[in-house]
Every structure is written in structure tokens, then in C-alpha cells.
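Here the structure comes first, spelled out in C-alpha cells, and everything after it is commentary.
Below, chain A is the first sequence line, B the second, and so on; all start at residue 1.
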2 protein chains.
Amino acid sequence: MTSTNDRVVPPAARRRRRPTKSGVVLSEELIVETALRLLKEHGADALTVRRLGLALGADPSALYRYFRDTDDLLLAIADELIGRTLRTWHPTGDWRADLRDLGLRVHSGSLAHPQAAVLSSYRVTGRVHEIAAVETIIGVLRGAGFPDPEAVRIYHAFVDQALAFAALDAASVALPRAARDAEAGVWRATYARLPVDSHPNIAATARHLVLDMGRSAYPTALDLLLSAAAARLTEITGGGDAKGTPQRPPGPSH
Amino acid sequence: MTSTNDRVVPPAARRRRRPTKSGVVLSEELIVETALRLLKEHGADALTVRRLGLALGADPSALYRYFRDTDDLLLAIADELIGRTLRTWHPTGDWRADLRDLGLRVHSGSLAHPQAAVLSSYRVTGRVHEIAAVETIIGVLRGAGFPDPEAVRIYHAFVDQALAFAALDAASVALPRAARDAEAGVWRATYARLPVDSHPNIAATARHLVLDMGRSAYPTALDLLLSAAAARLTEITGGGDAKGTPQRPPGPSH
DNA sequence: TTAACAGGTCAACGCTGTTGTCATAAGGTG
DNA sequence: CACCTTATGACAACAGCGTTGACCTGTTAA
């Protein structure tokens with residue numbers, strides 16, 4: 001329905017033929033892999049259609065046979081990252097521990113590919129891996145005993161918090177080396193030296209600030225969120241049923 | 001030391017002369033103001049050097065006499081936004097209500113100018129407005145009765161969560177119109193139509209998902225964080241002293 | 001064996017940020 | 001008032017971007 005111009009053929013109907021001039025046989029997977037490699041090796045700015053074509057040994061315009069536009073490609077990259085994270089996650093049935101584990105995995109997974117995370121963490125892909133994740137997480141919450149509207153609210157807060165922190169911390173990691181060092185230095189050089197009388201609270205806590213600001217606040221924020229959710233749950237269920245019956249046996253749904 | 005090419009003159013040494021062809025006299029402030037107006041009126045895509053020049057009635061290249069590059073301009077815009085947000089915040093002495101109010105202000109302030117928020121929310125500036133904010137927020141927490149290490153931990157989680165969500169939601173808003181509409185549609189078109197037997201949890205909550213995913217999860221996440229922090233506080237202080245004595249009279253410190 | 005067509009290639013468009021060069025009006029100086 | 005310096009605006013050009021229409025060609029099914 002996207003006007004008449006659709007050079008993209010659905011992957012199912014694709015009977016891949018015709019190697020590129022340099023001999024490579026293109027595929028959706030190969031393109032996404034190469035894009036991730038480009039991002040990892042040369043930073044977010046290196047990901048352009050033209051450079052990606054060059055890295056693949058194909059004309060840039062060939063990519064448009066596989067992705068409607070660069071945004072479409074970006075979503076495919078994002079979904080691949082979700083898939084990789086989910087594949088290493090093995091829920092135990094304890095909703096709080098499972099969500100904590102998943103959150104930390106999403107976070108550290110993003111830091112492993114900061115450039116990709118920065119570009120894609122805020123997108124709704126609607127692709128297979130994302131759908132599987134949504135299904136599983138909501139299942140965990142409903143299984144824990146949250147009523148549907150509450151489960152959705154907490155799901156939304158949990159997921160967006162994980163993605164938001166992933167993007168935030170990934171952005172720091174993705175900064176040019178000089179800029180990153182400069183930022184770290186600000187806490188020592190500026191904040192830790194403020195006089196007591198003009199900035200009593202900073203001065204009193206300077207030691208803690210220097211220590212704490214050097215690492216991600218995500219674990220703290222995640223624990224606060226989960227702890228509030230747990231409190232809400234006992235409020236609702238009247239104290240019992242903290243574990244609950246899973247709506248679905250452990251393991252990501254396919 | 002930024003090589004030999006510096007057409008930017010420090011604002012102090014500026015003795016503004018020479019009106020533009022259309023009669024406007026340029027200045028740093030006028031450029032930032034106009035950029036904010038452009039962003040607000042015509043969306044994030046409208047902010048290009050060329051369009052900004054057009055809106056000012058000046059040649060695009062004239063802007064490079066005031067800002068080193070577009071990133072420099074964006075930081076100036078961001079700084080202006082921080083100032084505006086702080087200026088409209090008036091703490092009452094109730095730590096939880098005050099932090100809630102500040103968080104929401106930071107968030108909505110970013111959404112009003114998503115382009116700037118996306119680029120600047122993860123940077124430590126060490127500038128006056130930022131320092132004032134840090135001093136005030138830590139003061140609020142210590143005044144509430146949090147011991148120093150706990151105050152710093154919660155400060156960090158609170159601030160980074162506000163910035164992270166601001167960037168996340170701003171990024172959505174900053175999306176090209178088509179992509180934004182597409183995302184909204186995914187929840188209706190894809191998620192709301194998944195069959196019950198393959199995706200029972202999504203199917204059961206589809207109605208809530210469509211409703212909830214359309215808006216930001218930040219208010220929920222913020223309330224969860226504050227509620228957990230409040231619980232932590234009564235745990236520490238043994239239930240009394242919920243209001244506490246402010247370490248500093250209300251109002252951002254200057 | 002051949003015809004259809006998926007898919008790779010080429011060239012071009014309009015857009016972007018940025019810079020080297022030139023022109024000129026403002027403002028200090030005498 | 002006239003002069004000179006110079007700050008600063010204008011112009012033109014560059015390289016690079018995403019994207020598309022037209023063309024060409026190898027693969028595959030019949």
C-alpha cells in the first residue's frame with residue numbers, strides 16, 4: 001500500500017539469485033550482519049547506505065531490494081539485537097528475579113553494541129523477536145498475579161526503562177574518547193571542589209558522588225522499580241501468592 | 001587550538017555591526033530563539049542550517065560566525081532549555097511532590113524540543129544551571145532524611161531516569177512523521193491481531209496495550225521510583241520524619 | 001531452449017553541513 | 001571629516017547523503 005514504488009520483495013518469495021559484481025550473494029541476514037560490523041568497528045557515523053554497499057561489495061542501491069529505506073534497515077538491526085538478548089535469557093519462574101535478569105541483559109547487550117543501541121533502542125519494530133519478548137514479559141507479570149491493566153502498565157515502565165537506560169549509557173560509551181574522559185573529569189575537577197558554603201549538599205556528599213556517578217544508575221533504578229512493583233502486588237493480592245502460577249512454562253515463546 | 005579555522009568570535013569581543021541584507025542584526029540569542037521557534041513550529045526536521053538562515057533572513061554561512069558547527073548550536077539550545085526548566089520550578093518542601101514535579105518538568109521540557117533533547121540529554125556539562133540542579137536535588141533528599149550514600153544513589157537514579165526517558169520519548173517525537181505514524185499503527189495492526197493460541201498474553205491484554213503504549217511510561221516509572229524511595233526512607237528512619245527538615249530553604253540555589 | 005523477471009548497476013536529483021574567498025559597512029583614530 | 005582596519009555578511013563551491021528511474025543480465029521454471 002506504500003504507493004506504487006516497492007522494489008522490496010517479501011523474504012518468503014525471495015529466491016536469491018544473481019551474485020553481485022564482486023561475487024557476494026546478498027541476503028537480508030548478510031546485510032544486517034555487515035551493518036552491525038560497520039557500527040561496531042567504525043562508529044555510528046560509518047553506517048550510511050553508500051558505505052554499507054561498499055562494505056558488502058555491492059552498489060548502494062542494491063540494498064533497496066531488501067529494505068524499503070534506511071529506517072527499515074535500522075529496525076531490522078534493532079530486532080536482531082533483541083533476538084540475541086532473548087536467546088541468552090532463561091527465566092526461572094521467580095518473576096522478580098527473572099525481570100531483573102532480563103533488564104540487566106538488555107542493558108549490557110546494548111553496551112556491547114552502543115552505536116546500534118543509540119540508533120534503534122527507541123523503535124517499535126513489530127518484528128518476530130520483539131513480539132516474542134512482549135509476549136514473554138507480559139506472561140511473567142500476569143503469572144505473578146498482576147491484573148491485566150496493571151501488568152501492561154508495569155510491562156511498559158519496565159521495558160521503556162531498560163531501553164531508555166540502555167540508550168543513555170550506550171550514548172556515553174559511544175562518545176569520542178576525549179569527550180568521555182572529559183565528562184568523567186568534571187565530577188572530580190568541578191563538583192568535588194565546590195566550596196562548602198555555596199554548595200553545602202554537594203560538598204557533603206562529594207565523596208559519594210565521585211564514586212557513584214562513575215557507574216550506571218540502571219541497576220539502582222531497576223531495583224527501585226521492581227521493589228515498588230512487588231509492593232504494589234502484595235497490596236493487590238493481599239499479601240499471598242507472591243510467586244503465582246506462570247501463564248506459560250518458562251522459556252521465551254516462539 | 002581547533003586548527004586554524006575559527007570564524008567564531010567570543011561573545012565578549014563581539015561589537016555587533018553590519019546588519020544582514022534583509023536588515024536583521026544577528027546575535028547569539030536571536031539565533032537560538034529563532035531555532036527554538038523553528039523547532040516548535042515546523043518540527044524537528046525543519047532545523048537545518050539553511051532553513052535557519054532563511055528564517056533569520058541571513059545567509060546560512062553567517063551562522064558560522066556565531067557557532068562552530070551545528071552541534072555547538074544544539075548545545076546552546078539545550079543550555080537555554082535547562083535554564084527555562086529550572087526557572088519554572090518552585091519546590092514546596094515536600095520532597096516527593098517536589099521531585100515528581102521536577103521530573104515531569106524535565107520530561108515535558110524535552111518533548112517540547114526533542115531534537116535538542118536527543119543530542120544533549122546524556123552530557124555532563126558542569127555548567128551553572130546543572131550545578132544548581134544537583135545541589136538542590138541532593139539537598140531535597142538529604143533534607144528528607146536520606147543518609148548521604150543513599151541520597152546520592154537515589155539522586156543518580158532519579159536524574160538519569162528523567163534524562164533517559166526524556167531522550168527516549170524525545171527520540172520518538174523527533175521521528176519523521178511517517179515513521180511515527182507507522183509505530184502507532186504497529187500496536188493496532190500487528191499486536192492487536194495476534195491469535196490467542198500462539199500469543200495468549202498479548203491477546204488477553206491487547207486492549208490495554210493499544211491504550212498504554214500510545215503514551216509515555218515515564219509518569220509510571222517515576223511514581224514507582226519515588227514510591228520505592230519513600231518505602232526505603234521509612235525503613236531507614238523507622239517510620240517517622242516523612243517530611244524532614246530541608247537542608248536549605250526552598251528555591252533552586254544560585 | 002527459451003522467456004520472464006528478480007535483482008544488480010548506473011546516473012542523476014535535491015538535499016545536507018561546511019568552508020574559502022570576496023565585499024562592505026561600522027567604528028576607532030587623527 | 002576622511003581614512004584604515006576588521007568584523008562579519010554574502011556567494012559559490014564541495015563532498016557526501018538518501019533515494020529513485022531506467023537499464024541490463026543471469027537464473028530459473030516451463
Side-chain angles (χ1 to χ4, degrees), chain A residues 2-28 30-31 34-35 38 42-75 119, chain B residues 2-28 30-31 34-35 38 42-75 115 119 175-179:
Chain A
T2 55
S3 95
T4 71
N5 278 346
D6 214 358
R7 27 224 311 182
V8 179
V9 172
R14 202 175 275 284
R15 303 199 304 271
R16 57 193 158 56
R17 309 187 279 180
R18 198 100 129 100
T20 157
K21 218 174 188 180
S22 66
V24 192
V25 176
L26 294 181
S27 72
E28 209 168 311
L30 179 63
I31 295 174
T34 308
L38 261 187
H42 301 103
D45 292 347
L47 189 62
T48 72
V49 176
R50 297 172 125 96
R51 266 199 271 252
L52 184 49
L54 201 66
L56 282 163
D59 189 274
S61 64
L63 303 184
Y64 289 86
R65 301 282 182 202
Y66 296 84
F67 301 97
R68 201 178 315 284
D69 50 29
T70 37
D71 194 65
D72 195 22
L73 169 62
L74 216 60
L75 292 184
L119 291 179
Chain B
T2 56
S3 93
T4 70
N5 278 346
D6 214 359
R7 30 226 308 182
V8 180
V9 172
R14 203 174 276 281
R15 302 199 307 269
R16 52 186 163 61
R17 308 187 278 178
R18 195 90 137 105
T20 155
K21 219 174 190 180
S22 65
V24 192
V25 175
L26 294 180
S27 71
E28 210 167 311
L30 178 64
I31 295 174
T34 308
L38 260 188
H42 300 104
D45 293 347
L47 189 63
T48 72
V49 177
R50 299 174 123 94
R51 267 198 272 253
L52 184 50
L54 201 66
L56 283 162
D59 188 273
S61 65
L63 303 183
Y64 290 86
R65 301 283 183 202
Y66 296 85
F67 301 97
R68 199 180 314 287
D69 50 29
T70 37
D71 192 63
D72 195 21
L73 169 61
L74 273 156
L75 286 183
Q115 179 95 298
L119 288 178
L175 240 41
R177 184 126 186 75

Open item on the list: Working note: A:Leu75 + A:Phe67, criterion side chain to side chain contact (heavy atoms under 4.5 Å, CB included); need CA distance, chi angles, decisive distance, verdict.
Closed with: CA-CA 10 Å; A:Leu75 292 184; A:Phe67 301 97; over 6 Å; no
Task: side chain to side chain contact (heavy atoms under 4.5 Å, CB included) evaluation trace for B:Asp69 with B:Asp72 - done: CA-CA 5 Å; B:Asp69 50 29; B:Asp72 195 21; 3.5 Å; yes
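Between B:Thr34 and B:Ala55, the shortest heavy-atom distance links the atoms CG2-CB, 4.0 Å. Annotation for A:Val8 and A:Arg68: closest pair CG2-N, 3.5 Å, computed over non-hydrogen atoms.
If you take CG of A:Leu63 and C1' of D:dT20, they are 14 Å apart, rounded to a whole angstrom. Remark: C1' of D:dA13 and CZ of B:Arg50 are 10 Å apart, rounded to the nearest angstrom. One atom, CZ of B:Phe67, and another, P of D:dT8, lie 13 Å apart when rounded to the nearest Å. Rounded to whole Å, atom C1' of C:dA26 lies 15 Å from atom CG of B:Leu26. A straight line from OH of B:Tyr64 to P of C:dT19 spans 7 Å, rounded to a whole angstrom. Between the P atom of D:dG9 and the CG atom of B:Leu30 lies a distance of 11 Å, rounded to the nearest Å. Remark: C1' of D:dG18 and CZ of A:Arg65 are 16 Å apart, rounded to the nearest angstrom. If you take CG of A:Asp69 and P of D:dC17, they are 17 Å apart, rounded to a whole angstrom.
Contact check, B:Lys21 against C:dT24: no side-chain N or O comes under 4.0 Å of OP1 or OP2. One finds a side-chain N or O of A:Thr20 lying less than 4.0 angstrom from the OP1 or OP2 phosphate oxygen of C:dT9. For A:Tyr66 and C:dG8, the shortest distance from a side-chain N or O to OP1 or OP2 is below 4.0 Å.
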N/O-N/O pairs, protein side and nucleotides 2-4 of chain D side, under 3.5 Å:
none

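Contact annotation: the side chain of B:Leu52 approaches that of B:Leu56 to within less than 4.5 Å [non-hydrogen atoms, C-beta and beyond].
Tested against B:Val49 for a side chain to side chain contact (heavy atoms under 4.5 Å, CB included), the candidates B:Leu63, B:Leu54, B:Leu73 yield a single pass: B:Leu63.
Residue A:Arg18 places no side-chain atom within donor-acceptor reach of the base of D:dT27, judged by atom type and a 3.5 Å distance cut-off alone.
Atoms CG and OG1, from A:Leu38 and A:Thr48 in turn, are 8.0 Å apart once rounded to the nearest 0.5 Å. Separating the CG atom in A:Leu74 from the CG atom in A:Leu47 is a distance of 7.0 Å, to the nearest 0.5 Å. If you take OG on A:Ser22 and CG on A:Asp59, they are separated by 11.0 Å, rounding to the nearest 0.5 Å.
In the region residues 51-62 of chain A, proximity to DNA chain D at under 4.0 angstrom, judged on heavy atoms, holds for A:Arg51, A:Ser61.
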